[in-house]
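Every heavy atom of this structure was used, including side-chain atoms; hydrogens, water molecules and symmetry mates were not. Count residues from 1 along the sequence.
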Amino acid sequence: MKRIVVLVIIVIFFVYIVPVGFQTYQDKRAEERPVHTVQNVENRLESQETQENSDEGNENTAETTEETQDDGQMLAVSVNGTVREMTLEQYAAGTVAAEIPASFPEEAIKAQAVAARTYAMYKQSQGTDQTHPDAVVCDDYTHCAAFVDLDTQAKDLWGSKAEEWRQKIEDAVNATAGEIITYNGSPIVAVFHSAAAQETESAVSVWGTDIPYLVTVDSEGDDSCPEYDASVTLGAEEFRQIMLAKYPDINLTGLPKTWFTDIESSEAGGVTSCKIGGESLKGTEVRTLFQLNSTHFTISTTDTSITFHTQGYGHGVGMSQYGAKSMAENGSSYQDILLHYYTGTKVEKLGE
């Protein structure tokens with residue numbers, strides 16, 4: 001009898017309790033899903049450095065606009081290495097779903113939709129990309145932008161909220177259909193990041209290219225990002241080995257407190273350069289080497305360890321997603337959000 005009771009309890013546990021617990025986990029995971037950030041857009045900025053004075057750039061945009069004035073235009077997208085044809089709006093929906101939490105306010109999601117559409121149009125205006133020559137954009141978020149197929153991946157992404165949140169994203173995309181951000185008539189490099197550290201970074205501070213619409217602006221509400229405050233601690237010997245692998249001639253003798261000198265910061269407070277053991281490094285290099293959340297970091301040391309304290313999440317250039325969330329919660333429209341983060345731009349319909 002005792003065995004039968006135990007067996008019944010086990011069956012109930014696996015048939016009823018485990019599935020409920022798993023579904024709860026899925027829903028919680030959907031709420032807290034980390035936000036992707038575009039990491040290597042610096043490779044694409046040089047072509048716009050003199051855009052404000054370039055007649056050729058305007059001519060290229062005119063051709064692109066003529067080709068894309070139909071909201072149903074087709075776009076070649078590399079997904080998992082396979083080129084797929086889809087409409088621009090389908091691409092925007094899949095990218096928004098992958099790049100920003102669906103729990104965010106509608107106006108923030110609309111802003112993300114316009115940014116996604118704009119980036120695709122910018123890439124198209126630049127011609128063939130050697131990384132994916134048969135596609136305009138790809139689903140690698142470190143190269144173009146993340147993308148999910150809402151027909152097949154919505155349930156995995158959002159669990160029981162899949163239908164509700166898919167509809168919310170598609171509504172945001174439809175409400176902004178055909179809209180892009182332009183500067184002097186051309187689609188911009190609409191880069192974005194998760195959270196700034198009170199101010200966004202300029203493109204020139206992070207990537208060395210002066211882009212007139214990617215400059216430092218105030219950003220509020222970013223500290224609501226779960227990754228806003230973070231730290232990375234390494235033992236002195238571990239740190240030494242990482243640096244020696246990259247810079248064999250570096251001088252890391254003495255105590256760690258003597259290794260860091262000449263730290264330079266941007267207007268927004270991010271580290272633009274510093275010297276470590278006599279070697280000059282960009283702030284972006286330090287961030288990459290030690291997998292920091294941002295270049296907005298400070299350094300503290302003991303005799304045996306080094307700790308990087310960071311604020312913000314991502315490269316810090318362009319639209320802050322948590323800043324957009326805060327603006328939307330305080331009554332700003334998606335146009336307000338975009339014009340705030342992309343200085344001197346316009347939100348326009350393709351074909352206008």
Side-chain angles (χ1 to χ4, degrees), residues 26-38 89-120 139 141 145-150 153-177 179-181 190-198 200 217-230 293-294 311-342 347:
Q26 276 192 313
D27 293 345
K28 183 67 175 175
R29 183 173 176 270
E31 288 281 359
E32 298 179 350
R33 184 169 52 88
V35 183
H36 294 297
T37 56
V38 179
E89 303 309 323
Q90 287 173 328
Y91 170 74
T95 297
V96 170
E99 291 285 9
I100 193 169
S103 58
F104 273 25
E106 291 180 7
E107 294 303 302
I109 294 176
K110 289 178 185 177
Q112 187 73 55
V114 178
R117 194 181 294 115
T118 301
Y119 191 75
D139 63 345
Y141 76 91
F147 176 86
V148 296
D149 187 332
L150 288 176
Q153 295 177 280
K155 184 71 173 178
D156 291 337
L157 191 63
W158 297 314
S160 64
K161 291 182 179 289
E163 184 175 346
E164 174 191 349
W165 281 357
R166 174 176 179 168
Q167 189 63 54
K168 182 179 179 180
I169 283 173
E170 289 180 343
D171 287 348
V173 171
N174 291 335
T176 63
E179 293 185 356
I180 63 169
I181 315 154
V191 294
F192 58 91
H193 57 282
S194 182
Q198 299 184 339
T200 64
V217 299
D218 292 337
S219 188
E220 298 181 359
D222 296 271
D223 55 0
S224 65
C225 172
E227 304 292 336
Y228 182 80
D229 285 297
N293 281 355
S294 74
Q311 286 192 321
Y313 190 33
H315 51 61
V317 183
M319 183 177 71
S320 162
Q321 292 174 318
Y322 273 87
K325 175 178 181 286
S326 177
M327 288 183 68
E329 289 170 344
N330 286 293
S332 295
S333 68
Y334 72 94
Q335 295 101 328
D336 295 333
I337 294 168
L338 295 171
L339 298 183
H340 174 70
Y341 283 108
Y342 303 111
V347 178

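No side-chain heavy atom of Phe104 sits less than 4.5 Å from a side-chain heavy atom of Glu329. Under the 4.5 Å side-chain criterion, counting only non-hydrogen atoms from C-beta, Gln198 is not in contact with Asp218. With a 4.5 Å cut-off on side-chain heavy atoms, Phe192 and Ser320 do not count as touching. Counting only heavy atoms from C-beta outward, the side chains of Pro226 and Tyr313 never approach each other to under 4.5 Å. Using a 4.5 Å cut-off on side-chain heavy atoms (C-beta onward), Trp158 and Glu164 make no contact.
Atom-to-atom distance recorded for Gln311:CD and Ser294:OG is 8.0 Å, nearest 0.5 angstrom. In this structure, CH2 in Trp165 is found 9.0 Å from CG in Leu157, a value given to the nearest 0.5 Å. The structure places CG of Asn330 at 10.0 Å from NZ of Lys325, a figure rounded to the nearest 0.5 Å. Interatomic distance, OG of Ser332 versus CG of Leu339, reported as 10.5 Å (0.5 Å rounding).
Looking at Arg166, its side chain does come within 3.5 Å of a backbone N or O of Leu150 through a donor-acceptor pair. No donor-acceptor pair closer than 3.5 Å links the side chain of Thr176 to the backbone N or O of Glu179.
With sequence neighbours left out, the side-chain contact (heavy atoms from CB on, under 4.5 Å) criterion links Ala190 to Ala115, Thr118, Ile181, Ile188, Tyr342. Under the side-chain contact (heavy atoms from CB on, under 4.5 Å) criterion, Glu106 pairs with Lys168, not counting sequence neighbours.
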(message) Could you walk me through whether Tyr322 and Tyr228 satisfy the ring-ring contact (aromatic ring centres under 6.0 Å, His included) test, starting with their C-alpha distance in whole Å, then the side-chain angles of each, then the deciding distance to 0.1 Å, before giving a yes or no?
(response) CA-CA 10 Å; Tyr322 273 87; Tyr228 182 80; 9.4 Å; no
(request) Take Tyr119 and Thr95, measure what side-chain hydrogen bond (donor to acceptor under 3.5 Å, both in side chains) needs, and give me the verdict at the end. (result) CA-CA 11 Å; Tyr119 191 75; Thr95 297; over 6 Å; no
(request) Could you please spell out the steps behind the side chain to side chain contact (heavy atoms under 4.5 Å, CB included) verdict for Val114 and Leu338? (result) CA-CA 9 Å; Val114 178; Leu338 295 171; 3.7 Å; yes
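For residues 108-119, the set of pairs meeting the salt bridge (charged side-chain N to carboxylate O under 4.0 Å, His left out) definition, not counting sequence neighbours, comprises Glu89-Arg117, Glu107-Lys110.
Test His193, Gln112, Glu99 against Gln321 for side-chain hydrogen bond (donor to acceptor under 3.5 Å, both in side chains) and you get one pass: Gln112.
With a 6.0 Å radius and a threshold of 12 heavy atoms from other residues, nucleotides or ligands, Glu220 has its CD atom at or below the threshold.
When all heavy atoms of Ala93 and Ile169 are compared, the closest pair comes out as O-CG2, 3.7 Å. Residues Tyr91 and Ala145 come closest through the heavy atom pair OH-CB, 3.9 Å. For Ala111 against Ile337, the heavy-atom pair with the smallest separation is CB-CG2, 4.0 Å. A pairwise comparison of heavy atoms in Ala328 and Ala108 identifies CB-N, 3.9 Å as the closest pair. Shortest non-hydrogen contact noted between Val173 and Ala113 is CG2-CB, 4.1 Å. Between Gly318 and Thr200, the shortest heavy-atom distance links the atoms O-CG2, 3.5 Å.
Side-chain contact annotation: Asn174 with Glu170, donor-acceptor N/O pair under 3.5 Å absent.
A ring-centre distance under 6.0 Å is not found for Tyr141 and Phe147.
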